[in-house]
Amino acid sequence: MPYLYKSNHCRLFHSPVTNRTPPSVSHPCELLEEECVASLIQKCPDMRTLRQIHAHFVKSPANSSSFYALSKILAFCALSPSGDLAYARRLFAQIPHPNVFSWNSMIRGSSQLPHPSKEPIFLYKQMLQKGFALPNSFTLAFVLKACSLISAFLEGRQIHCHAFKHGLYSSPFVQTGLLNFYAKCEELVAARLIFDEIPDKNLIAWSAMIGGYARLGLVNAALELFREMQGAGISPDEVTMVSVIQACAKAGALDLGKWVHAFIDRNGIKADLELKTALIDMYAKCGEIDRARKVFDRMEVRDTKAWSSMIVGLAIHGLVKDALELFSRMLESKVRPNHVTFIGVLSACAHSGLVSDGRRFWSIMHELGIEPMMEHYGCMVDLLCRSGLFEEAYSFVNTMPIMPNSVIWRTLLVGCKSNGSLDKAELVAKQLLELEPLSAENYVLVSNLYASSSQWEKVSYMRKKMKDNGVKVVPGCSSIEVDGFLHEFVVGDESHPEIKEIRKVLREITERVRLAGHEPWTSAVLHDVGEEEKEVALCEHSERLAIAFGLLKTKAPVPIRVVKNLRVCSDCHEVTKIISKAYNREIIVRDRVRFHRFVNGVCSCNDFW
DNA sequence: ATAGGGTTAG
């Protein structure tokens, strides 16, 4: 059907380029044979040249029925970094019965866009509906990748069925595709079932499974598999190591992270851009900002993510000056900052109350065409509140072009308290509880606020409201790393083998907390327990369990690391302060925003709340 | 005939 290509010829070409020989392609083909098109495409540097190849191809009637050459042209447009997916789409639309190769090119091409969509999944559905081409192992691998990018669980599960239906399940590419898909959807049990079924697990399968555990911060599972992998005689590469390092970072497991770093050096694994960025992130998240900086300084090439991870790391450590200096250097080296970089920069400003700097960076961000996201608004609200500009923060939130989320309202609520704007507090609290009526921490925060102004009736009203709404307390969770193993503690969980000794130390801590004049009423609100159980409620708080464990095991004057606090309340910080002083130890507490380094009861963070 | 699966910052 030659007319098909000729008649659409004009639509595909915006300029008359048909009679010129491509400058960079000096292939002496008179007639563009199939192989010739293929070899030209191989060397094709850009779309301009491709259009010319395409034009020659279209002009030659001998070629117009060559689906092979056409699929080569299509693949270039859809897949090459110098291709043009829009051009590929137009070309594809003109092919009456695309072959499986062309479908695959379109599916893969459309899943490589910077903003993943359902387009590849729709294409796959179309392919099945039309029924002219049957999916092969490439198809399933590509569409599974697309599903994993957007966590399209239902679609991916269907493809799992298709793999059996079309007899493609035995393909290692389909298997790792499925494994990775389930892992990305956080369905680790399903992922593990597939992993265990793979007879000859290769490097990719091992890495995908380790990566699945790593993303969820299951550091022990990730490391156990990493050890098993080596036992099975498979050598990890830099991609595997990124996941292992990420697992350490997520869990705040510094000693493990250091060991893994040494492993990388010892085994001659090349630390590339990604791995170095992962190392920076790991050291920063584990509280070793100097080591993070060392890795960063030794890098030869740094992209936006590398710069950002260092800037964010410095910011969460409260090293504001260094963070902002680094940002200037980043601009000098012509690496374009993105929204994550600005989260680091703005949060750095917020930590030190640098209002005018914060405002300046806010406008630079706009000048660079970066649309502020919720996190950026959050930083600005925090900055204004900490700088005593509560009224401005309040009107800032009320004029936001996007609906403020609970984090924004909570920031503002804390701002109400510190700025003494209790009149606005009720309004903010109302917004917060309307938006998120099922989260226990909101009730605690609001009732803390009432308690600070001795409005006890409102305190008990909050407790009642929480009960009426059926709010369940999500157990707090902390972890502590001892001798290369991460111990996790969940509130109420007594399964730890050393629970008796832990309890003994906890009682001692409780006594010290009491002697210091603190009442553990935050926990009492949460647990609603009688006087007798109050002590238990306090003790059961995960962070204190972790601290207690650290005191048991850590006899030498080394820092006690309390990390991965999912729920850190101001009460915890108080306790940490007291313990640090009593035991003359350095305690590092990490919350979602920053580090608090307590030495002899004094927090190095100047904005300790 | 053509091609492919695991990785970094919030």
Side-chain angles (χ1 to χ4, degrees), chain A residues 34-35 37-39 41-42 66-76 78-80 99-105 107-109 111 136-145 148 171-181 183-184 191 195 198 201-212 214-215 229 234 236-247 249 271-282 284-285 292 295-296 299 302-316 337-347 373-376 378-379 592-593:
Chain A
E34 290 182 334
E35 294 76 20
V37 171
S39 85
I41 297 276
Q42 196 115 56
S66 164
F67 291 100
Y68 173 70
L70 193 66
S71 28
K72 277 299 214 183
I73 291 172
L74 182 77
F76 179 90
L79 297 170
S80 161
N99 59 15
V100 62
F101 184 82
S102 298
W103 280 107
N104 291 350
S105 299
I107 291 170
R108 192 156 117 89
S111 59
N136 59 17
S137 65
F138 290 86
T139 321
L140 296 198
F142 296 156
V143 77
L144 280 169
K145 167 81 182 173
S148 69
S171 156
F173 292 93
V174 173
Q175 283 173 337
T176 28
L178 280 167
L179 156 53
N180 192 49
F181 156 73
K184 284 268 168 73
F195 176 78
I198 301 176
K201 300 172 187 50
N202 61 15
L203 175 63
I204 312 291
W206 285 100
S207 299
M209 195 64 234
I210 292 170
R215 265 189 302 278
M229 172 186 179
I234 307 285
D237 68 357
E238 67 280 358
V239 179
T240 324
M241 298 321 290
V242 167
S243 289
V244 179
I245 287 290
Q246 189 194 31
D272 57 6
L273 181 64
E274 285 85 1
L275 185 47
K276 280 181 179 152
T277 307
L279 282 167
I280 293 169
D281 182 53
M282 184 273 289
K285 289 217 171 97
V295 176
F296 178 81
M299 284 175 87
R302 304 181 187 102
D303 66 353
T304 304
K305 286 184 183 177
W307 284 98
S308 302
S309 64
M310 194 66 237
I311 291 170
V312 170
L314 290 166
I316 60 176
N338 66 6
H339 62 281
V340 182
T341 326
F342 276 99
I343 291 171
V345 170
L346 292 174
S347 68
M373 294 165 33
M374 196 66 78
E375 289 84 348
H376 302 102
C379 290
R592 268 174 295 183
V593 188

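Within every chain, numbering begins at 1; the chains are lettered A, B, ... in the order of the sequence lines, protein sequences first and strands thereafter. When reading the values below, keep in mind they use all heavy atoms of this one structure, side chains included, and skip hydrogens, waters and symmetry mates. Since this is a predicted model, take the numbers as computed values, not measurements.
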So what does A:Ser309 touch, heavy atoms closer than 4.0 Å: a base, only the sugar-phosphate, or nothing?
sugar-phosphate
For A:Arg215, which contact category applies under a 4.0 Å heavy-atom criterion: base, sugar-phosphate, or nothing?
sugar-phosphate
For chain A and DNA chain B, what are the first and last nucleotides along the strand, 5' to 3', with at least one atom under 4.0 angstrom from a heavy atom of the protein chain?
B:dA1 to B:dG10
Per the side-chain hydrogen bond (donor to acceptor under 3.5 Å, both in side chains) rule, what does the pair list look like for residues 236-247 of chain A, sequence neighbours excluded?
A:Ser207-A:Thr240, A:Asp237-A:Thr240
Quick one: label A:Ser347 by what it contacts on the DNA or RNA (base, sugar-phosphate, nothing), any heavy atom closer than 4.0 Å.
nothing
Return the set of residues passing side-chain hydrogen bond (donor to acceptor under 3.5 Å, both in side chains) with A:Ser80 (not counting sequence neighbours), or none when no residue passes.
A:Ser82
Please identify each residue that fulfils side-chain hydrogen bond (donor to acceptor under 3.5 Å, both in side chains) with A:Asp303, with sequence neighbours left out.
none
Students often get this wrong, so: under 4.0 angstrom with heavy atoms, is A:Val312 touching a base, only sugar-phosphate, or nothing?
sugar-phosphate
Within the structure shown, what part of the strands sits under 4.0 Å from A:Ser137 by heavy-atom distance: base, sugar-phosphate, or nothing?
base
Is A:Glu274 close to A:Lys305 at the side-chain level, that is, under 4.5 Å between some pair of heavy atoms?
no
Apply ring-ring contact (aromatic ring centres under 6.0 Å, His included) to A:Phe296 and list each qualifying residue two or more places apart in sequence or on a separate chain.
A:Trp307
Scan A:Lys201 against the nucleic acid and name what it touches under 4.0 Å (heavy atoms): base, sugar-phosphate only, or nothing.
nothing
Applying a 4.0 Å non-hydrogen cut-off, can you work out what A:Gln175 is touching in the nucleic acid: base, sugar-phosphate, or nothing?
nothing
side-chain hydrogen bond (donor to acceptor under 3.5 Å, both in side chains) with A:Asp281: which residues, sequence neighbours excluded?
A:Lys285
Under the 3.5 angstrom rule, does the side chain of A:Asn180 hit a backbone N or O of A:Ala183 as a donor-acceptor pair?
no
Name the nucleic acid region contacted by A:Leu203, choosing base, sugar-phosphate or nothing; use a 4.0 angstrom heavy-atom cut-off, strictly under.
base
At under 4.0 Å between heavy atoms, what does A:Asn104 touch on the DNA or RNA strands: base, sugar-phosphate, or nothing?
base
Base, sugar-phosphate alone, or nothing: which one does A:Met373 contact when heavy atoms must sit under 4.0 Å apart?
base
Determine the contact category for A:Lys145: base if any of its heavy atoms lies under 4.0 Å from a base atom, sugar-phosphate if only primed atoms, P, OP1 or OP2 are that close, otherwise nothing.
sugar-phosphate
